[in-house]
4 protein chains.
Amino acid sequence: MNKTKTKKARRKRAAPVSAKPGRTEKSVARREAILAAALEEFAARGFEGARLDDVARRAGVAKGTIYLHFRDKETLFQELIRSTLTPIVAMIEAAGKTDMPLRAVFDHLAGAFVREVLGTQRKDIVRLILSEARRFPKLAEYYYREVPERAFAAVRGLVRKAIDRGEIVDDTLFWFPQLIIAPALVAVVWDGLFDKYEKLDAEAMLRAHFNLVFNAIERRPS
Amino acid sequence: MNKTKTKKARRKRAAPVSAKPGRTEKSVARREAILAAALEEFAARGFEGARLDDVARRAGVAKGTIYLHFRDKETLFQELIRSTLTPIVAMIEAAGKTDMPLRAVFDHLAGAFVREVLGTQRKDIVRLILSEARRFPKLAEYYYREVPERAFAAVRGLVRKAIDRGEIVDDTLFWFPQLIIAPALVAVVWDGLFDKYEKLDAEAMLRAHFNLVFNAIERRPS
Amino acid sequence: MNKTKTKKARRKRAAPVSAKPGRTEKSVARREAILAAALEEFAARGFEGARLDDVARRAGVAKGTIYLHFRDKETLFQELIRSTLTPIVAMIEAAGKTDMPLRAVFDHLAGAFVREVLGTQRKDIVRLILSEARRFPKLAEYYYREVPERAFAAVRGLVRKAIDRGEIVDDTLFWFPQLIIAPALVAVVWDGLFDKYEKLDAEAMLRAHFNLVFNAIERRPS
Amino acid sequence: MNKTKTKKARRKRAAPVSAKPGRTEKSVARREAILAAALEEFAARGFEGARLDDVARRAGVAKGTIYLHFRDKETLFQELIRSTLTPIVAMIEAAGKTDMPLRAVFDHLAGAFVREVLGTQRKDIVRLILSEARRFPKLAEYYYREVPERAFAAVRGLVRKAIDRGEIVDDTLFWFPQLIIAPALVAVVWDGLFDKYEKLDAEAMLRAHFNLVFNAIERRPS
DNA sequence: CATGAATGAGAATTCATTCAT
DNA sequence: CATGAATGAATTCTCATTCAT
């Protein structure tokens, strides 16, 4: 008689909607406070390690309040990732539509990355994705669709245009757009793990990388 | 921050010595079995998510036996990382002492990386470090001293020799040795998160990267 | 992204077997202690109202120990019902196979019921079934198959034989075997709810009921 | 026993008066809506299992509104039972005052029971009393005074009159009036637990029961 | 009166760690 | 050395009740 069920599947009708509930300023503010607190805690301890108790305390709300805004811990985590990603995705989309020279676009994106990601808590979100997405396949797919897939499609478009315009003579970046962002990944990881042992000037590294790459692929004046 | 570190300080009396205990064959075999099982479980669920119960079951030993070989869960985790790292460190040391042309050394290391890391469970160890090391500063430092510090020192030595020999004309890699391994990091991350959505030919990517880099820095025959 | 799932479905591999785990005397004794404590608590507060904390305390074990023997609260509840029912089912089966006069069989069963059910904690189990089975359809079906279905089949067999033998001249009990046990149900309910306000001599009531019934259906010597 | 009654005594300040509040039509309607919703929820999940959230939703009021009409969950429960019982008590009182033949009275009551209880949600109230009254001694006593005590007094009066009039020759029902309603109890229980496995024609069963009983006790024309 | 967001005391369940056998 | 039953602190999630609007 039901020996093998995995879990109780406790009651839970009429889901707490998860997304934006009330509309009051207070309500929105609380939601933001919870997300901010969650970012700190998840970043510091990972998904499993973070305690909702601490999130609540840090957000200045009662434990139960979290559940008025997010169905459960996992939902809170995913909403956190999502809401942080949205503006980044917008930035990527915008970058793909420009007609500036390739090098200029990358320089601009590198600056934005250093300023808007590395320089803010958004880098923690990136780290969280690196650390946890594997255990949340839905999240991994969402992230894949929103970020690398779009970003690489944009890069490919830009590279093709640059070739067509004669700016560059090599299509390596078309086939491996990963190569252009690889140092950014290094920067995030380094910042999280080794910064206290050795500083890394991420912006300089990114610039050096672009120099190498464009030195290799730019049309050289004979 | 880090206000409420209640957790990690539970009971912990008379520590069972931790390191390599007896010398019996059986004992050593058990230790290996536990480490192998731990790798699987930690890789699949992360440090917090893994259960020693599952490690024991997978290793075919009783739960208590784990404690005969490792002081606690954290020690098991760190020993796992350490023991996996040892041969990699040796490889790095060896690579730094060669006199082969720089390009040849990197090609060789890339092959070794694809074969010995990406193609084995060692990639899971790398991922675990990326994911968890932040919460284990001791581990992060150990890893930093053993791997990137040594590896980058080796790279710097090789680069200097290559410049001295006139093989290359650019010292970017001396200042940012990270740039040469960045795509390897991408490969590990991609493999863990996105492989099911889009395959990535890591070896081809690494080769393409070297082509770009060396095209940029090699002395060009006038 | 998975907005509508009902519950976390937390990990739970390799079910804790639920039934008899170890084989030690101690283990069996603990299991019994837990079941006994559970009976008290469930009987006093119902399924939802009972707290496993109290069950553990009453059984003299730690909270976690309960989970070594029973997958969860529901399983504990159902095993409790089941293990109590088993001997009752056996009794019913035996009663159906006799060749005694119908009246004698019922007299015997009534005695057994008063002695073995009303006079023991088994009456609490009956009450629990009345109270809770509706919320555990699996349990309700199990109970139905084991008790009323068998019991009424037995009654019908006995009634038919009694008619064939000319003991009784009426087949009402064949069509409504419920009528013969109805007062027993009243006795259980009364005992639970009203005994403190007015005592009910259950045995006398059952006897009076049989007198009525047999007075109505027995072949009357013209 | 009952060592650890921690539960039922949480906060409870400035009680909101409990009983019938305002007099507005709206107010009365709301109260009725809440009671109706409460019946559904308590019947489906029991006292502990029912959630006031669901009651409020079903009644179309806010959660706080319940507390404007009922002091707390327990009060709501008891008022529900009480208000449902009132008309039943009236029916019993009326039945006790008739001068119809005993058999006719019972036939009439059986019809009323099938129509007004079994055929309506009132049967759920009966079930709730069977299930929960034990945990609410006040409720049990109230119910005892209002229903069985009165009903059995009425039955005894009717029986005595029937004997005096020479309708029946046996006083069993005087001593055990429970015997006359026992099948009704069976009908309620069966309906709740086993109806899906086997239908029970309650009315036919009650009639068959009366036939048996009156066949046994009616003065037989010599 | 009505609302429903907020609260926080629980309650079920998990799992690292211990220890008697 | 090995075992695995037992422990109990910790953690997530629930829901009766309150109270500011």
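Numbers restart at 1 for each chain; the letters A, B, ... are given by sequence-line order, proteins then strands.
Side chain C:Lys63 to base E:dT13: a donor-acceptor pair is found below 3.5 Å.
With a cut-off of 3.5 Å on both pairing distances, the Watson-Crick or G-U wobble partner of E:dA11 is F:dT12. Pairing of E:dT21, defined by two Watson-Crick or G-U wobble distances under 3.5 Å, is identified with F:dA2.
If you check F:dT18, F:dC13, E:dT7 against the side chain of D:Tyr67, the one that comes closest is F:dT18.
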So D:Phe136 and D:Tyr142, ring pair (Phe, Tyr, Trp, His ring centres under 6.0 Å) or not? Walk me through it. CA-CA 10 Å; D:Phe136 300 103; D:Tyr142 169 79; over 10 Å; no
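Here A:Ser27 does not reach the OP1 or OP2 of E:dA5: none of its side-chain N or O atoms lies under 4.0 Å away. Applying the 4.0 Å criterion to OP1 and OP2 of E:dC1, one finds that D:His69 has every side-chain N and O outside that range. Contact annotation: B:Arg30 side-chain N/O to F:dT3 OP1/OP2 distance is under 4.0 Å.
Distance A:Lys73 NZ to F:dT14 C1': 17 Å, rounded to the nearest Å. A:Ile34 places its CD1 atom 11 Å from the C1' atom of E:dA5, with the value rounded to the nearest Å. One interatomic measurement links the two molecules: CG of C:Leu68 to P of E:dC19, which rounds to 17 Å at whole-angstrom precision. Rounding to whole angstrom units, CZ of residue D:Arg45 and P of F:dT14 are separated by 14 Å.
Within 4.0 Å of C:Ala50, counting heavy atoms only, lie sugar-phosphate atoms of the nucleic acid but no base atom.
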